[in-house]
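In what follows, residues are counted from 1 in the order of the sequence shown. The structure displayed is predicted, hence computed values, not measured ones. These values consider heavy atoms only, across backbone and side chains, with no hydrogens, waters or symmetry-generated copies.
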Amino acid sequence: MDPFHITSKKVLTLVMVIDKDNQKILLGYKKRGFGAHLWNGFGGKVEPGETVRQGALRELQEEAGITVDDHKIQKAGLLLFLFENDPMGLECHVYKAYEYHGEIRECEEMRPQWFDIKDIPYEQMWEDDKIWLPELLKGQDPFYGRIYLKRKPLEVEGEEEGKVTVAAAAPSSTSNVSLTMVTVPFTTAQPKSGPFALFDHRLDLNLSKIPKEIAFDGTIASYED
Ligand SMILES: Nc1nc2c([nH]c(=O)n2[C@H]2C[C@H](O)[C@@H](COP(=O)(O)OP(=O)(O)OP(=O)(O)O)O2)c(=O)[nH]1
């Protein structure tokens, strides 16, 4: 049985806000939850009753405090995250925006910060980002990627007085796996990377040739602009 076979998926959004004039990108430090301690764009689960695009705009407003005009947010790609031995895939719709309204502000989930595009903190981001984000920044989008991830055995959860508490990483979907808590010596050299390690990937840069509905693994990924 293919360990990356999925039978269902969650639909997620991710918005990358880019300041072209100053060659900067807005990232948020995820303070809690899935992908905690990593820098990322802004996004989350699409809620019932909203389109993917509406979900992207809502999450950007909630997490960074800013809004983008509907026609100014551009689809940059579609990423399918597949987790080993997890039948739930994540279909992540990636958008980019070059203009926004409002004041950037921190919320309890994310701490936004501008980074020079030449200094993107890839070592503190999801491992797959270094595959597709440079393409987005070069304008090589829209793209379609399949990202295969393996669970890391242990993951940093918190730190106190030179020690960190680590827990067995939880799977992407609702988990019936119990967390194993242990305390190990903390080394500052250890990056706080995501709980999953990149196993394999495929990135297709000519999405225009792919039909709007993409069939994969028995499920259909919607591709709305
Ligand atoms: N850059 C990047 N982003 C990813 C990867 N995998 C992944 O889920 N994401 C993004 C997609 C979403 O924006 C975000 C996960 O959504 P979330 O769990 O925070 O959703 P949410 O805000 O609705 O969550 P909640 O805490 O309100 O339940 O992480 C990845 O490999 N790279």
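Annotation: the span from Lys138 atom NZ to Ile117 atom CD1 amounts to 13.0 Å, rounded to 0.5 Å. Summarising the geometry, atom CG belonging to Leu80 is positioned 8.0 Å from atom CG belonging to Leu90; distances are rounded to the nearest 0.5 Å. To the nearest 0.5 Å, atoms CG (Leu133) and CE (Met16) are separated by 5.0 Å. Atom CD of Gln113 is separated from atom CG of Leu27 by 8.5 Å, given to the nearest 0.5 angstrom. In this structure, CD on Glu59 lies 7.0 Å from CD on Glu47, to the nearest 0.5 angstrom. A distance of 4.5 Å separates CD1 in Ile120 from CD1 in Ile25, rounded to the nearest 0.5 Å.
At least one side-chain heavy atom of Leu26 sits under 4.5 Å from a side-chain heavy atom of Ile66. Annotation: side chain of Met125 is not in contact with side chain of Lys130 (no heavy-atom distance under 4.5 Å). At least one side-chain heavy atom of Met88 sits less than 4.5 Å from a side-chain heavy atom of Lys10. You'll find the side chain of Leu12 stays beyond 4.5 Å of the side chain of Leu79, heavy atoms only. Residues Met110 and Phe42 have side chains in contact (heavy-atom distance under 4.5 Å, counting atoms from C-beta outward). Residues Val17 and Ile104 have side chains not in contact (no heavy-atom distance under 4.5 Å, counting atoms from C-beta outward). A heavy-atom distance below 4.5 Å is not found between the side chains of Gln140 and Trp132. Taking 4.5 Å as the limit, some side-chain heavy atom of Lys30 sits within range of a side-chain heavy atom of Glu109.
Across every non-hydrogen atom of Cys92 and Leu14, the tightest pair is SG-CB, 3.7 Å. The two residues Trp114 and Lys24 make their nearest non-hydrogen contact at CE3-CB, 3.8 Å. Ala76 and Leu136 make their closest contact through CB-CD1, 3.5 Å (heavy atoms, listed as atom of the first residue, atom of the second, distance). Summarising the geometry of Val52 relative to Thr13, their closest heavy-atom pair is O-CG2, 3.4 Å, with the distance given to 0.1 Å. Residue Leu203 comes nearest to Gly145 through the heavy atom pair CD1-CA, 3.8 Å, listed as atom of the first residue, atom of the second, then distance. The heavy-atom pair separating Tyr100 from Val68 by the smallest distance is CB-CG2, 4.0 Å.
A donor-acceptor pair is defined here as one N or O able to donate and one able to accept, closer than 3.5 Å; such a pair exists between the side chain of Lys31 and the backbone of Cys107. Without hydrogens or angle criteria, Arg53 side chain to Tyr95 main chain gives no donor-acceptor distance under 3.5 Å. At distances below 3.5 Å, not a single donor-acceptor pair connects side-chain atoms of Asp141 with backbone N or O atoms of Phe143.
Ring pair Trp126/Phe81 is parallel by interplanar angle, where below 30° counts as parallel and above 60° as perpendicular. Relative ring orientation between Tyr29 and His37 is described as tilted, the plane-to-plane angle lying within the 30° to 60° band.
With sequence neighbours excluded, no residue forms a ring pair (Phe, Tyr, Trp, His ring centres under 6.0 Å) with Tyr122.
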* Starting from the C-alpha separation in whole Å, work towards a yes-or-no answer on side-chain contact (heavy atoms from CB on, under 4.5 Å) for Arg151 and Glu84. => CA-CA 7 Å; Arg151 210 161 288 151; Glu84 189 184 31; 5.8 Å; no
* To do: Determine, step by step, whether Leu149 and Asp86 satisfy the side-chain contact (heavy atoms from CB on, under 4.5 Å) criterion, reporting the C-alpha distance in whole Å, the side-chain angles of both residues, the deciding distance to 0.1 Å, and the verdict.
  => CA-CA 10 Å; Leu149 298 143; Asp86 188 340; over 6 Å; no
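Applying the salt bridge (Lys or Arg N to Asp or Glu O under 4.0 Å) test to pairs two or more places apart or on separate chains, those with a residue in residues 61-71 are Arg58-Glu62.
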